[in-house]
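Inspection log for the structure reproduced underneath, given as structure tokens.
Please read these numbers as outputs of a predicted model, since none were measured by experiment.
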Amino acid sequence: MDHYDLFVVGAGSGGVRAARMSASFGAKVGIAEERYLGGTCVNVGCVPKKLFVYGSHFHEDFEDSKNYGWSAQSPKFDWRTLRQNKDTEISRLNDIYRDLLVQPGVDIYESHAKLVDSHTIEVGGTKVTSDKILIATGSWPTIPAVPGRELVVDSNDMFYLEDLPRHAVVVGGGYIAVEFAGILAGLGVDTTLLYRGGLFLRGFDRRIAKFVAEQMVNKGIDIRFDVNVERIREQGATKVLSLTDGSELSAELVLYATGRAPHTAELGLQEAGVTLKESGAIQVNDDYQSSEPHIFALGDVIDREQLTPVAIAEGMSFACSQFQGTHRPVNYHLIPTAIFCQPNIGTVGPTEEEAQDIYDNLQVYESSFRPMKHTISLRHERSMMKLLVDGDSDRVIAAHMVGPEAGEIIQGLAVAITAKATKADFDQTIGIHPTAAEEFVTMREKVR
């Protein structure tokens, strides 16, 4: 029976980082993955999603080029070409992840793993033992128990559709729902987004979310708030949705993007003495240690922040703590993130609503404008930027943006905000002209 210093269950972003760094520190490491190396992000998440976003945006570029003097025949989109080229790129990344594990000497088991006890794992018809076990199995899409749920698809399915529908309904209000609504509409699909609340993107700045909704409507997406689905039935090749407002809606495809749950089923966790939260997430302390001292967990499966870079940071923190003897804590209080809706959202720091409860002298700076490109293209798309400042210390505490390449711009600002830059520092910084990013260093008048 093989014995390891560390055995990792799940080869997503967090699990791979923890495994390969632990091995590089001298630990004997094994890892099990029953689906695909790279986990959700590489296979059915961040990477293919952004490739689809790129693909869906070209139609606007073709249109915008006309007022810049370009003329061409009407372009035609082929879904299967995009899907196949996406698959090719994902296969390349799968191989890279394999190399990342093989190079430092990690043993890879491409089978389902289940805990027998706190030191024993059954994987691929055999048993191995380990001093420490790390669970990094991520999360999985959830679909509520609505009658007719067998007729819908989830976000995983979207990356492998045989054909693109003519009409689609997206149910949900999180970043996945908003992103896929933009992708579908951009690829020429007549798209409706349904959300049960009054405004989507809960947890994001409210003015930013409202601004994005306006831009999406301008792009032809039918957004319906304060409505939910009561049941779904099939009518030929069409799905008919009965809604809570008494209306009906028909579509060839119904996508439910209503959340993701920690993927902890059938892992033998409770038999091994691991305590789970009501959500199914593994309960851990600050060192990612579960109720069973030899079993650890990180990433989406602990349901703190379901973001790839956070899982990677947690994997690094775990490896350093357990096998290098150094302390590298993860800062959960200032996490930059982006939503690849169209236009993009980039954000770092608290929302205005959150900051109002923290800072007595909150100062808000905002700017909304038509990007320079569209002064000639005449596209009705606007950008929005927002800075939050602690008036007592003059420190910039948050930056929010809606506009092209928002994530790229906010990443740089995240460094400045992490370094505790003040509004005076921003004001003294010379802008790069003409860019949208310079707006962040030229805001002078408070709006609130």
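- Judged by a 6.0 Å distance limit and a 45° cone about the ring axis, Lys386 is not positioned over the six-membered ring of Phe211.
- For the pair Thr40 (side chain) and Gly45 (backbone), a donor-acceptor distance under 3.5 Å is absent.
- In this structure, the separation between NE2 on His57 and CD on Gln342 is 5.5 Å, given to the nearest 0.5 Å.
- Ser317 places no side-chain N or O within donor-acceptor distance of the main-chain N or O of Ala313, the cut-off being under 3.5 Å.
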If you look only at distance, which donor and acceptor atoms sit under 3.5 Å apart when one is on a side chain in residues 160-169 and the other is two or more places apart or in another chain?
| from | atom 1 | to | atom 2 | distance (Å) |
| --- | --- | --- | --- | --- |
| Glu162 | OE2 | Arg80 | NH2 | 3.4 |
| Asp163 | OD1 | Arg80 | NH2 | 2.8 |
| Arg166 | NE | Glu252 | OE2 | 2.6 |
| Arg166 | NH2 | Glu252 | OE2 | 2.7 |

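- Contact check for Arg207 versus His400: no side-chain heavy atoms found under the 4.5 Å cut-off.
- Ion pairing between a basic and an acidic side chain is recognised when a charged N comes within 4.0 Å of a carboxylate O; Arg98 and Glu33 show no such pairing.
- When all heavy atoms are compared, the tightest approach of Gly15 to Ile31 is O-CD1, 3.9 Å.
- Not less than 6.0 angstrom separates the ring centroid of Tyr256 from the ring centroid of Phe180.
- Panel note: side chain Arg202, backbone Gly173; no donor-acceptor pair is recorded below 3.5 Å.
- Contact record, Ala399 with Leu413: CB-CD1, 3.9 Å, taken as the closest heavy-atom pair.
- Once rounded to the nearest 0.5 Å, the distance linking CZ of Arg231 with CG of Leu241 reads 10.5 Å.
- For the pair Lys86 and Glu89, the salt-bridge criterion is not met [side-chain N within less than 4.0 Å of a carboxylate O].
- In terms of heavy atoms, Ala32 sits closest to Ser111 at CB-O, 3.9 Å.
- Between the OG1 atom in Thr258 and the CD1 atom in Ile143 there is a gap of 6.5 Å [rounded to 0.5 Å].
- Looking only at side-chain heavy atoms (C-beta outward), Val178 and Met216 come within less than 4.5 Å of each other.
- Under the rule for a side chain to side chain contact (heavy atoms under 4.5 Å, CB included), the partners of Glu381 that lie at least two apart in sequence or sit in another chain are Glu60, Gln215, Lys219, Pro343, His374, Arg379, Pro404.
- Leu298 has its side chain out of reach of Met316: every pair of non-hydrogen atoms, C-beta onward, lies at least 4.5 Å apart.
- You'll find the side chain of Asp394 reaches within 4.5 Å of the side chain of Val389, heavy atoms only.
- Side chain to side chain, Thr422 and Asp425 meet the donor-acceptor criterion of an N or O pair below 3.5 Å.
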Determine whether Phe159 and Phe52 satisfy the following criterion, ring pair (Phe, Tyr, Trp, His ring centres under 6.0 Å), listing intermediate values before the conclusion.
CA-CA 9 Å; Phe159 296 105; Phe52 280 7; 5.4 Å; yes
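- The distance from the CZ atom of Arg328 to the CE atom of Met21 is 8.0 Å, given to the nearest 0.5 Å.
- Contact detail for Met443 and Met385: the closest heavy-atom pair is CE-CB, 3.3 Å.
- Surrounding CZ of Phe369 are more than 12 heavy atoms belonging to other residues, nucleotides or ligands, all under 6.0 Å away.
- In this structure, Glu438 places its CD atom where more than 12 heavy-atom neighbours from other residues, nucleotides or ligands lie under 6.0 Å away.
- Between Asp303 and Lys277 there is no salt bridge, since no side-chain N of the basic residue sits under 4.0 Å from a carboxylate O of the acidic one.
- Taking 4.5 Å as the limit, every side-chain heavy atom of Thr347 sits out of range of all side-chain heavy atoms of Asp205.
- Looking only at atom types and distance, the side chain of Glu439 has no donor-acceptor partner in the side chain of Tyr365 under 3.5 Å away.
- Contact annotation: the side chain of Phe58 never approaches that of Leu82 to less than 4.5 Å [non-hydrogen atoms, C-beta and beyond].
- Comment: Lys114 does not engage Glu271 in a salt bridge, judged by the lack of any side-chain N to carboxylate O separation of less than 4.0 angstrom.
- What you find for Phe426 and Ala421 is that their closest heavy atoms are CE1-CB, 3.9 Å.
- Judged as a side chain to side chain donor-acceptor pair (under 3.5 Å), and not counting sequence neighbours, Thr238 has no contacts.
- The distance from atom OG of Ser118 to atom NE2 of His294, rounded to the nearest 0.5 Å, is 5.5 Å.
- Residue pairs meeting the salt bridge (charged side-chain N to carboxylate O under 4.0 Å, His left out) criterion with at least one partner in residues 148-159, sequence neighbours excluded, do not occur; the list is empty.
- At least one donor-acceptor pair closer than 3.5 Å links the side chain of Thr264 to the backbone N or O of Gly280.
- A donor-acceptor pair is defined here as one N or O able to donate and one able to accept, closer than 3.5 Å; no such pair exists between the side chain of Asp287 and the backbone of Gln289.
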Would you list the atom pairs, donor with acceptor, under 3.5 Å between side chains in residues 133-140 and any protein atom, with sequence neighbours excluded?
| from | atom 1 | to | atom 2 | distance (Å) |
| --- | --- | --- | --- | --- |
| Thr137 | OG1 | His263 | O | 2.7 |
| Ser139 | OG | Arg260 | NE | 2.9 |
| Ser139 | OG | Asp300 | OD2 | 2.9 |

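- Not a single donor-acceptor pair under 3.5 Å links the side chain of His59 to the backbone N or O of Phe77.
- For the residue pair Asn43 and Asn156, no side-chain donor N or O sits within less than 3.5 Å of a side-chain acceptor on the partner.
- Interatomic distance, CG of Leu194 versus CG of Asp226, reported as 11.5 Å (0.5 Å rounding).
- Minimum heavy-atom separation, Leu115 to Ile295: CD2-CD1, 3.5 Å.
- Sorted by first then second residue, the side-chain hydrogen bond (donor to acceptor under 3.5 Å, both in side chains) pairs that include residues 169-186, not counting sequence neighbours, are Lys49-Glu179.
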Would Val240 and Ile232 count as a side-chain contact (heavy atoms from CB on, under 4.5 Å) here? Give the steps.
CA-CA 6 Å; Val240 180; Ile232 306 167; over 6 Å; no
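- Arg17 places no side-chain N or O within 3.5 Å of a backbone atom of Glu314 that could act as its donor or acceptor partner.
- Within the 4.5 Å cutoff, side-chain heavy atoms of Met384 are placed close to those of Ile208.
- The number of heavy atoms from other shown groups lying within 6.0 Å of CZ (Arg196) does not exceed 12.
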Please assess Phe200 against Phe225 for the test ring pair (Phe, Tyr, Trp, His ring centres under 6.0 Å), listing each intermediate value before the final yes or no.
CA-CA 8 Å; Phe200 56 23; Phe225 292 129; 5.3 Å; yes
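- More than 12 heavy atoms of other residues, nucleotides or ligands shown are found within 6.0 angstrom of CG on Asn331.
- Residues Leu387 and Phe440 are in side-chain contact: their nearest non-hydrogen atoms beyond the backbone lie under 4.5 Å apart.
- In this structure, Lys373 places its NZ atom where more than 12 heavy-atom neighbours from other residues, nucleotides or ligands lie under 6.0 Å away.
- Without hydrogens or angle criteria, Thr142 side chain to Gly259 main chain gives a donor-acceptor distance under 3.5 Å.
- No donor-acceptor pair closer than 3.5 Å links the side chain of Thr429 to the backbone N or O of Val441.
- Between the Ser56 side chain and the Val53 main chain, a donor and an acceptor come within less than 3.5 Å of each other.
- Ring centroids of Tyr36 and Tyr97 are separated by 6.0 Å or more, keeping the two rings apart.
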